[in-house]
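Accompanying notes for the structure given below.
As the structure lists them, so they are numbered: ligands from 1, and atoms in each ligand from 1.
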Amino acid sequence: ITGVLYEDVAKLIQRFSRYQQSSLSIEQFTTFGKTAKPIESLQFGRHELPVRLAHIIREIDLLPKNLLKTPSVELVRSWYVQSFSELIEFQDEQETDEVSNRYTQSLMHIKQRHDNVVETMAQGIMELREREGDGAFHPSIEYFLDRFYMNRISIRMLITQHLVLFGQDARSSKSNFIGCFDPTCHVASVVEDAINNAAYLCEHYYCAAPEVEISEFNAVDLKKPIQMAYVPGHLYHMLFELLKNAMRAVVEQHGSSSDAPPIKIMITKGRHDMTIKISDQGGGIPKSTIDQVFEYHYTSAPEPLKAGSAAPMAGYGYGLPLSRLYARYFDGDMQLYSMEGFGTDAVIWLKALSAEASEILPQYTRRTPKNYEEVRLAAQHCRDWSSSKFYGYGSKS
Ligand SMILES: O=S(=O)(c1ccc(O)cc1O)N1Cc2ccccc2C1
């Protein structure tokens, strides 16, 4: 029986990976969430979730065999296939309340099953690097992880949105939240939360935390506080990471003396972008190493935050690459501008209009395997460029 089942699942994954994924805007999430019934959410999710799972399973199968065959990556793949199989069961079910409740239960289990995907995937890549050194797969692994974690953010968004709207932990209707979305998110308040928590950690580690000054400029509604429809949890995650880095930089540069230069935060809103800039005088880093801080450093895989252990200050594990994915998820971005010897500006751009803030989903297409080949070749090309082969001079090895 399992043989047959296995064969069917592989065929179903193929089939579902050929459907186009439906990218939702924040406008669509909030409009749908205001009036949708559990049944309607089931009708959308029981198709879209298997499609997104199938897309990324196909992409996992493009990984170099030596990585794909590590115990950790095989375990992660089995979670995705298991969740795909469970969701497929709802395809031709009657749309009754009983089915809807079973669907909600299933989403809860799937969310829990995937809680440790980031750590487990990092473990697999670390195992491989220890065994095979800095493998030639490095750049295409970065390409894969960005797409893999973006897909995971998007799947967890759909699942969490359904659970918050219709699950046990459904929010009391008192707040004007629509699921995970705050339609009138007051940006400075989320910034203040992130500052307080990052400063608490900084005090705990360094016995001091730099001052932080916040300014706003609303070019759309002068004098009005800057608000937007967004997922406060995502915004907080990005800000907390950047503030930890900035505070650590300032304290390590100026010691815990009280005359350390303050960190300055500028929040602006234009017709297209809501932008946050965090400026620190923490000594900065060379331009040549900026790209590396956005790499997934498997060496310091994120320690699972067990109760009681203090969260790490700016560990440079996955904090920055994942934060940039959150910024990019609803078509925004994040970038660092550093002046080595002086300090760094970290900038987050988000879409000011919720109708323009659409999910950016990595699509698995017939071209995807070729893209991986191109990424690998391009990296090889860069390695050649940096060698004297191309310049014909210079001592670079
Ligand atoms: O690389 S950074 O310029 C830097 C990176 C990201 C960021 O958000 C803010 C930053 O300031 N910076 C982080 C850090 C930590 C300890 C000691 C010195 C530094 C310098």
Return the set of residues passing side chain to side chain contact (heavy atoms under 4.5 Å, CB included) with Asp182 (not counting sequence neighbours), or none when no residue passes. Asn176, Phe177, Thr184, Cys185, Pro232
Using non-hydrogen atoms of the residue, decide whether Gly283 is closer than 4.0 angstrom to ligand 1. no
Compute the shortest N/O to N/O distance between Asp280 and ligand 1 and return yes if it is under 3.5 Å, no if not. yes
Is it the case that Arg324 places NZ or CZ above or below the six-membered ring of Phe294, under 6.0 angstrom from the centre and within 45 degrees of the axis? yes
For Ser288, all residues meeting side chain to side chain contact (heavy atoms under 4.5 Å, CB included), sequence neighbours excluded: Pro286
Indicate yes or no: does an N/O atom of Thr344 lie under 3.5 Å from an N/O atom of ligand 1? yes
Checking Thr160 against Lys111: is there a side-chain donor and acceptor pair closer than 3.5 Å? yes
Could you see which bit of Val293 sits under 4.0 Å from ligand 1, with heavy atoms only: side chain, backbone, both or neither? neither
